[in-house]
Amino acid sequence: VFDVRDVLERTRERLVPPSGAFERLVVFRTRRRRRQRVATGLLALTVAIGATILLVRAFHAGDVPLSEPTTSPTPSLALDPREVATFPVGNTGETNAILSADGSIWVTGYGVNGGGGVDRAALFRIDPATDDVTDVFPMDTAPTREVGGGGVAFADGSIWVTGGGKPTGDEPQAILDRVDPSTGKIVATIPLGGRFGADLAINEQGVWVGIFTDGDAEIVRVDPTTNQVAGRTELPSSYVSHVEAIDGAVVAQELEWSGGEGPCGYLTRVDPATGEVAAREAVGDPCGLTRLLTWNGRIWSTIGERFAPLDPATLKPAVQGFAFEAEHFPRGFLVPDDTGIWYAAYPGGDGNRPDRLTRMDPATGEVSSYPLTLDHGPIAATILDGSLFALNFDGSVTRIDLLADGG
Amino acid sequence: VADEPLAGRAPRDAQAVDEPTGFEAFFREEHARLFGTLCLVTGDAREAEDLMQEAFVRIWERWEQVRTHPDPAGYLYRTAFNAHRERLRQVRRAGRRILRAAPADDPFSSIDEVADVMTALRLLAPRQRAAIVLTDLLDMSSAEAAEFMRVKPVTVRALASAARATLRRTMGGPGV
């Protein structure tokens with residue numbers, strides 16, 4: 001007898017939600033809350049626009065300096081961003097980071113035919129001269145972020161990739177793959193413990209990897225001369241999302257959930273000399289998140305709708321910093337080059353329209369918005385030789401040439 | 001801030017449902033079953049995930065109340081079906097077709113048996129799919145299902161019966 005219940009049950013069991021469902025839920029909720037906040041803010045602005053103008057003026061006249069003396073990055077370059085091409089690389093929702101290294105563009109992904117471990121992770125090499133995918137190298141792991149890139153870096157002549165993996169004969173754990181970009185071969189697979197590698201950054205003191213497992217998070221230092229773990233720093237929370245490193249400071253963003261609220265970001269500084277947690281500061285009051293970026297030897301942070309360098313001692317903005325264009329803060333990607341910091345700007349409103357390509361001069365705070373929409377859902381980007389390569393959620397890469405002809 | 005959480009985070013212990021951070025454990029406990037159920041109801045994985053997100057976000061916003069509810073999972077399903085009903089209403093208002101062919105990149109298409117069932121389900125009207133899932137899969141009485149669907153119990157019985165007949169016919173099982 002045809003058993004409807006049995007058929008439905010068996011079918012349901014085989015309908016598995018895509019991985020990262022909870023993380024997408026967090027993003028969904030964050031965006032919804034932001035839209036609600038923006039709507040509320042607009043209403044308040046309409047009612048009290050006069051008072052707001054006075055407040056803004058008073059705010060800008062405050063004692064905190066707007067910026068530090070900094071030279072604008074190559075302001076003489078003539079910029080005229082224009083989309084040149086969008087070409088397929090990986091699968092929809094299954095590519096996650098992009099970087100430039102050794103003269104090529106590299107994209108990490110999973111679910112790739114011919115890929116390696118942990119659900120067929122792979123590293124795509126793209127020739128920036130032709131925009132062709134020239135090689136697909138199997139990997140042991142791929143980064144786990146879904147927006148913003150991360151989990152990859154280029155240093156010491158190697159590409160470093162962290163994520164979750166399963167070294168031969170070992171339990172699943174966070175791993176760090178070291179790849180020779182000249183051959184695309186993995187030259188070292190470094191087990192890190194924990195369960196997932198979240199992000200990594202590199203400075204003179206080593207490769208710093210944020211890892212977490214169920215209930216614990218750590219910063220692990222790897223010595224690139226030995227490819228061995230050289231130190232571990234236990235973090236106060238159970239979840240680390242970002243790591244940035246400069247000389248003398250490693251800064252991580254941890255995430256916490258409490259009382260049904262979250263994720264709430266905490267910035268934590270690790271002293272590279274001692275491996276100890278040296279400072280910790282909540283992002284926002286009571287709860288906020290930040291984007292971190294290393295530029296010009298300093299770690300910059302987006303807090304609220306401003307962008308400022310962090311004081312490593314206090315993990316608070318060292319200066320007042322600069323406001324993003326109202327309602328057009330960064331989402332998707334935030335990458336620096338010689339001309340400034342490029343980002344995909346939130347379109348405002350309900351957020352359903354495409355982001356706009358925007359640039360901030362971190363020396364002056366000047367924001368330049370370009371008439372170029374990012375139509376394919378950019379999630380990460382890198383810049384090479386005057387071209388911005390945006391990795392899109394649909395697995396494609398969009399190449400945008402930034403410089404005017406002859407620039 | 002469009003922050004970038006991580007895919008594949010390790011699940012927390014189910015006991016954590018009683019902890020302040022228990023929402024995540026609740027999500028991890030329930031989301032796969034809810035996703036599968038919504039796939040059957042909607043016939044569309046993306047729609048199912050959208051509805052799942054909508055339901056879980058609504059639950060999250062009032063987690064302090066839901067966590068002490070005698071049946072949080074039941075509350076979740078009710079919320080999801082409410083969201084589904086609202087969406088159907090919006091679709092009707094927009095004058096769009098509700099019944100669709102399988103999407104071009106249908107994630108089910110690579111699994112033969114699942115694809116067969118999904119194809120058969122897509123031939124049903126949305127209310128027939130909801131009725132058969134509620135009664136035959138979630139084991140609800142017609143009265144309970146009627147409350148979910150905001151129709152009369154007799155309507156649920158009629159919808160489910162028609163749905164069963166169509167499934168038997170299209171899937172070619174014995175006893176047709």
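Proteins come first, then strands; the chains are lettered A, B, ... in the order of their sequence lines, and each starts at number 1.
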Search all heavy atoms of Phe28(A) against all heavy atoms of Val57(B) and return the closest pair with its distance.
CD2-CG2, 3.3 Å
Bottom line for Gln53(B): the part with an atom under 4.5 Å from chain A's heavy atoms is both
What part of Leu138(B) gets within 4.5 angstrom of chain A, counting heavy atoms only: side chain, backbone, both, or neither?
side chain
Distance from Phe22(A) atom CZ to Phe23(B) atom CZ, nearest 0.5 Å?
6.0 Å
Min side-chain heavy-atom separation Asp139(B)-Arg5(A) under 4.5 Å
yes
Rounded to the nearest 0.5 Å, what separates atom CG in Leu15(A) from atom CE in Met118(B)?
6.0 Å
Can you tell me how far apart CD (Glu23(A)) and CD (Glu24(B)) are? Round to the nearest 0.5 Å.
7.0 Å
Tell me, side chain or backbone of Arg33(B) under 4.5 Å from chain A's heavy atoms, or both, or neither?
both
For a 4.5 angstrom cut-off between non-hydrogen side-chain atoms, does Trp60(B) reach Val26(A)?
yes
Find the distance between CZ (Arg164(B)) and CG (Leu8(A)) and round it off to the nearest 0.5 Å.
10.0 Å
Tell me whether Asp71(B) at atom CG has more than 12 heavy atoms from other residues, nucleotides or ligands lying less than 6.0 Å away.
yes
Show your working on side-chain contact (heavy atoms from CB on, under 4.5 Å) between Ile132(B) and Val4(A) and close with a plain yes or no.
CA-CA 9 Å; Ile132(B) 198 169; Val4(A) 172; 3.5 Å; yes
